[in-house]
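What follows is a single structure, written as structure tokens, with notes after it.
The figures here come from the full heavy-atom set of this structure, side chains too, leaving out hydrogens, waters and symmetry mates. Keep in mind the model is a prediction, meaning the values are calculated, not measured. Proteins get letters first, then strands, A, B, ... in listed order; numbering begins at 1 in each.
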Amino acid sequence: MAYAEPAVVDHAPPAEVPEVELYHAKTWLTKYVFSQDAKVIAIQYSLTAIAIGLVALVLSWLMRLQLGFPATFSFIEPADYYQYVTMHGMIMVIYLLTALFLGGFGNYLIPLMVGARDMVFPYVNMLSYWIYLLAVLVLAASFFTPGGPSGAGWTLYPPQSILSGTPGQEWGIILMLVSLMLFIIGFTMGGLNYVVTVLQARARGMTLMRLPLTVWGIFVATILALLAFPALFVAVVMSLLDRTVGTSFFMPHIVEMGEQLPYGGGSPILFQHLFWFFGHPEVYIVALPAFGIVSDLISTHARRNIFGYRMMVWAIIAIGGLSFVVWAHHMYVSGMNPYFGFFFATSTLVIAIPTAIKLYNWVLTLWRGNIHFTVPMLFCIAFIVTFLNGGITGLFLGNVSVDVPLSDTMFVVAHFHMVMGVAPIFVIFAAIYHWYPLISGRMFNQALGLFHFWVTFIGAYLIFLPLHYLGFVGVPRRYFEIGETGFVPESAATLNEFITVVALIVGFAQVVFMANLAWSVFRGRVAGRNPWRAVTLEWQTAEVPPGHGNWGPTLPVVYRWAYAYSVPGVEDDFVPQNLPPSQVKAADPSARAAE
Amino acid sequence: MLVAVVLVVIAVGTVVFHVVSPWWWTPIASNWHIIDDATLVTFWITGVAYVAVILFMAYCAVRFRYRKGRRAAYEPENKRLEWWLTGLTSLGVIGLLTPGLIVWNEFVTVPDDAAEFEVVGRQWQWSYRLPGKDGVLGASDPRLITGDNTFGLDPNDPRGQDDVLIEGDDLHLPIGRPLKVLMRSADVIHDFYVPHFRAKMDIIPGMVTYFWFTPTRTGTFDILCAELCGVGHHTMRGMVVVEADTDYQEWLQGQSTFADLMARAAPGDAVKLAADEGRGDAAANGNTRSGSDRPSPINR
Amino acid sequence: MDLLRQITEKPWLPQDAVERLHAERAIAAPAAKIGLRFFLAVVSVLFLLLIIAYAERMRFEAWRPGPQPVLLWLNTALLILGSVGLQWARVAANRRQIDGVRKGLMIGGFFTLAFLAGQIAAWRQLSGIPFFNMASPAIAFFYLITALHGVHIVGGLVAWGRATARVWRASAVARPLQGSVDLCALYWHFLLLVWLVLFGLLFSGNGNIDLLLALCGFR
């Protein structure tokens, strides 16, 4: 295709978006602490999420120590183990992944990528972070209460979650529920910002279809979150009332340890429906931003336009819509009406089609590209491998009858760690490496980055691939120890030891990762402008790292889509979105003739 | 280059691991071979896709790695290719879903001649109730649970009098006959899970859930709880002995019935029960045997 | 469908019309109004799920309809008057009549506060009945749902308070002021609508929810 843009649009004046009154910080405190600048809020969100995520990482080591070497560590009692399981899951899913993708990357990238100066409601945006921080602190406080944090499993199924047979029944569960309510309130404040900013604050020329897929992913994920979190809110409030004032929303008649409890008539399954009506969209709340980011990164580092951009956008929208009608595939063996299984199995396997299309398009973007195997690109490839693996095992679990023997076994644990733990975290690593030069102005250490990549990728695969097979054997999940059985072979114990050792090694690699980032902030090579030669707007700011207000005196004007890589007839292999057509350097005519 | 090698090793290694790994499903002891078959179909279809995509990526990693002066192809979309891939994926999905739904239909359709027995879960032990000579289980209600009547059976229901109650002992089942498991929980959610039978189902307090299977192999198998039920979750184990019908009947004769237990607990009560038969009939109409997510039994 | 056109165009093709390059709004409305609409969607989902939970819980054992305080009819009337007051303010703001805005806001605020007082009175009435028991699901739902609705009203009153303070300081109706009055009125009408649905379906004591479920074939 020949390169052509009509000259008539060459000097379109930039548009100031009138409703956005830029906030100017006056004191150190309002500039770095109670800041209303989305970039500062993004870093606050990210650091908080990573800090609490580290707690969850340590919990996973403790769990692995118990599973790999049962009866070796006397300080791990069954109650402790179930508390690790619960807090690890809840922190990773909600307080790390959701907060980091939307609160962290969403805040940093949306205004920059759409060409805005800031979010449209900066004050609400600031409140969003502080409520999130409060939620994290309330959750963390449960470690220090009598009885410790809740051990109800991250799904918090009543009646178990609020009865005395579960650890943390005294305070842990109450703090957990309160923390979730706070998180949802804080998230809603941030979420309204992201959605309205994408809709209303785009720079001149930034049509919806010129948005990078990162923005599309975060945008649709935010809408999902806004509509799904109320379900969790309702479930959490009702659970809290059951626990504290003795209502019976989810509590049937119960005889606990021989004692009749004053509950009666409630429906535990109702909680599960509410929980998963939130819980399944939640998977895509994490996945869609990852999809978007990985698309942009692959395109940039393979120097090739994303393959099938429109299909990618539609697939994101389709996945978002379908994600609200698949929730009960988490409940095939929950005792719900078994005939629901036909519908939910079908909807679940249908959602695999747009997801598969996205995966093909990533691979087809590599095809006929000019691939630079940078650290971000390597993590993107690792994402494709692990996401494909986890997506495929999802087809086992989504296909109702195949799910029956596998549900509630280690197969499920392996599946969701691969698809929702490892794969999105690889995207987070890729994104951090990719945008690190923008955020800090310096380059990370390449060798340490490669070390981190290879250990993490190979290690994670070695941890989670064999875990599926323990599920086939029939080892149930959430077991403190499997002990003597007639069906688990001796060799499973060896496998568990192996997995634990690998998990500890992978954990160590994360220390290297963080040391690399911390060291490079001060000592890294100065990155300069646009080191990856990317086309999207965030790399075209007046200063690096972008200053307050992002764009200097005038807003950017967008002349083309976000994937103008290797455009024929142009000298450079990239054309920034805001470069006026008159400044695009045509290729050497002799070179063009050769093409 | 290294990337391509690693990708090939992953694709090939995964397949090799799958073939040689000593960890595979336990030898089946029920009629649910078809679940295993559906799983194998899933393995084949998804396995081919997995290996194909990764090998293709490995090819791209070699063929299209960075070369100075080379330009990537500029091709925003390719409708034909995208539709082909969509079509192929849809075919694959149909290939997965069809066996899945056929098997599920089988799974949710309980044969009319299935014999019923009951599993009761409580923190953290299993107990079982088998119908006596009348072949019917009596009505129950969690509100009736006491230290003597741990199953919460209705003492006024004559159908329950001959029910055989097993507590703290192995469950015995006859081979070769379809069985419908009715499940109740006294406290929290449990899940009755025997790896050798493949089937499992959650047990929700306040409801009766169910599934069915036919034991096809004699032997002793583990019963586990597969839904987190508190701090003793992993200790909630049991054993099920599948045996020939004659052995089963012999074992059944040796077990005590609800009437035996009540007589032992409070001599004299059993006599009174007989007079109350009329009331008991009404109770037996309670939907102890309906198992969808409907409210449970409970009409006293 | 403008939005459909926007998401089906081929962005890599040269865009030939200069107006295509203007900052294109997906939806033509001020940001604050769009933000509020999204928030109302979130609140709608919240109350919808509560109604579904209520209907689902009705199917289970131990369901007894709760007592229906007659006071709620009065409260409903008060909230309608509150909404009328806000609408008055909104119309006056559109006509740039500052006096009308002040009157409307005062009337709206007064009746809304009266509604809240009435709801609290209804709570006290209910807790005074013999055999009051929080474990009774209908009563628990009544408290939960009215409390959540009340919290949203209180949140609205905060915005109302800020708007009122600005109106008192202003001498004429300026554009931002008109915007805030407009948003307040929209929020009030929405919460009135939510209350009418909740009251009509769940708390007016004439089995409308049963009727609705029967119509939908769930009964």
Identify which part of [X] has an atom lying under 4.5 Å from any heavy atom of chain A, answering side chain, backbone, both or neither.
X         : answer
Val6(B)   : side chain
Asn105(B) : both
Ile204(B) : side chain
His18(B)  : both
Asn78(B)  : both
Arg63(B)  : neither
Ile34(B)  : neither
Trp32(B)  : neither
Thr39(B)  : both
Ile203(B) : neither
Ala11(B)  : neither
Arg122(B) : neither

Taking C-beta and beyond as the side chain, do [X] and [Y] meet within less than 4.5 Å on heavy atoms?
X         : Y         : result
His233(B) : Phe480(A) : no
Thr14(B)  : Leu465(A) : yes
Leu85(B)  : Ile357(A) : no
Val108(B) : Tyr339(A) : yes
Val404(A) : Phe211(B) : no
Arg310(A) : Lys79(B)  : yes
Ile189(B) : Pro159(A) : yes
Pro22(B)  : Pro489(A) : no

Contact part of [X] toward chain B, heavy-atom cut-off under 4.5 Å: side chain, backbone, both or neither?
X         : result
Glu484(A) : backbone
Tyr309(A) : backbone
Pro78(A)  : both
Tyr360(A) : side chain
Leu163(A) : side chain
Pro354(A) : neither
Trp362(A) : neither
Ala302(A) : backbone
Leu378(A) : side chain
Gln260(A) : side chain
Leu366(A) : both
Ala356(A) : side chain
Tyr563(A) : backbone
Thr346(A) : both

[X] to [Y] - nearest heavy-atom pair and separation:
X         : Y         : value
Leu224(B) : Pro476(A) : CD2-CG, 3.8 Å
Gly335(A) : Asp202(B) : N-CB, 4.4 Å
Val231(B) : Pro167(A) : CB-CD, 4.1 Å
Ala492(A) : Trp23(B)  : N-NE1, 3.5 Å
Ser401(A) : Pro99(B)  : OG-O, 4.4 Å
Glu82(B)  : Asn361(A) : OE1-ND2, 3.8 Å

Checking the side chain of [X] only, and the main-chain atoms of [Y] only, is there a donor and an acceptor separated by less than 3.5 Å?
X         : Y         : value
Arg304(A) : Ala73(B)  : yes
Arg71(B)  : Val567(A) : yes
Asp187(B) : Glu256(A) : no
Trp104(B) : Pro338(A) : yes

Who wins among [options] for the most heavy-atom pairs under 4.5 Å with chain A?
options                                  : result
Leu2(B), Val41(B), Thr235(B), Val3(B)    : Val3(B)
Leu97(B), Val103(B), Thr150(B), Val53(B) : Leu97(B)
Thr86(B), Leu7(B), Leu96(B), Ile35(B)    : Leu96(B)
Thr220(B), Ile102(B), Leu81(B), Asp36(B) : Leu81(B)
Arg65(B), Lys200(B), Glu77(B), Arg198(B) : Lys200(B)
Gly152(B), Ser21(B), Cys225(B)           : Cys225(B)

Parallel, tilted or perpendicular: ring planes of Trp24(B) versus Tyr469(A), cut at 30 and 60 degrees: tilted
Phe56(B) and Trp367(A) aromatic ring geometry - parallel, tilted or perpendicular at 30°/60° bounds: tilted
Within the 3.5 Å criterion, strictly below it, is a donor on [X] or [Y] matched to an acceptor on the partner's side chain?
X         : Y         : answer
Tyr193(B) : Thr409(A) : no
Tyr50(B)  : Asn389(A) : yes
His234(B) : Tyr82(A)  : yes

Interatomic spacing from OH in Tyr66(B) to NE2 in His301(A) - rounded to 0.5 Å: 14.0 Å
Nearest-0.5 Å distance, NZ of residue Lys68(B) to CG of residue Asn370(A): 10.5 Å
Phe472(A)-Phe43(B) aromatic ring centre distance below 6.0 Å: yes
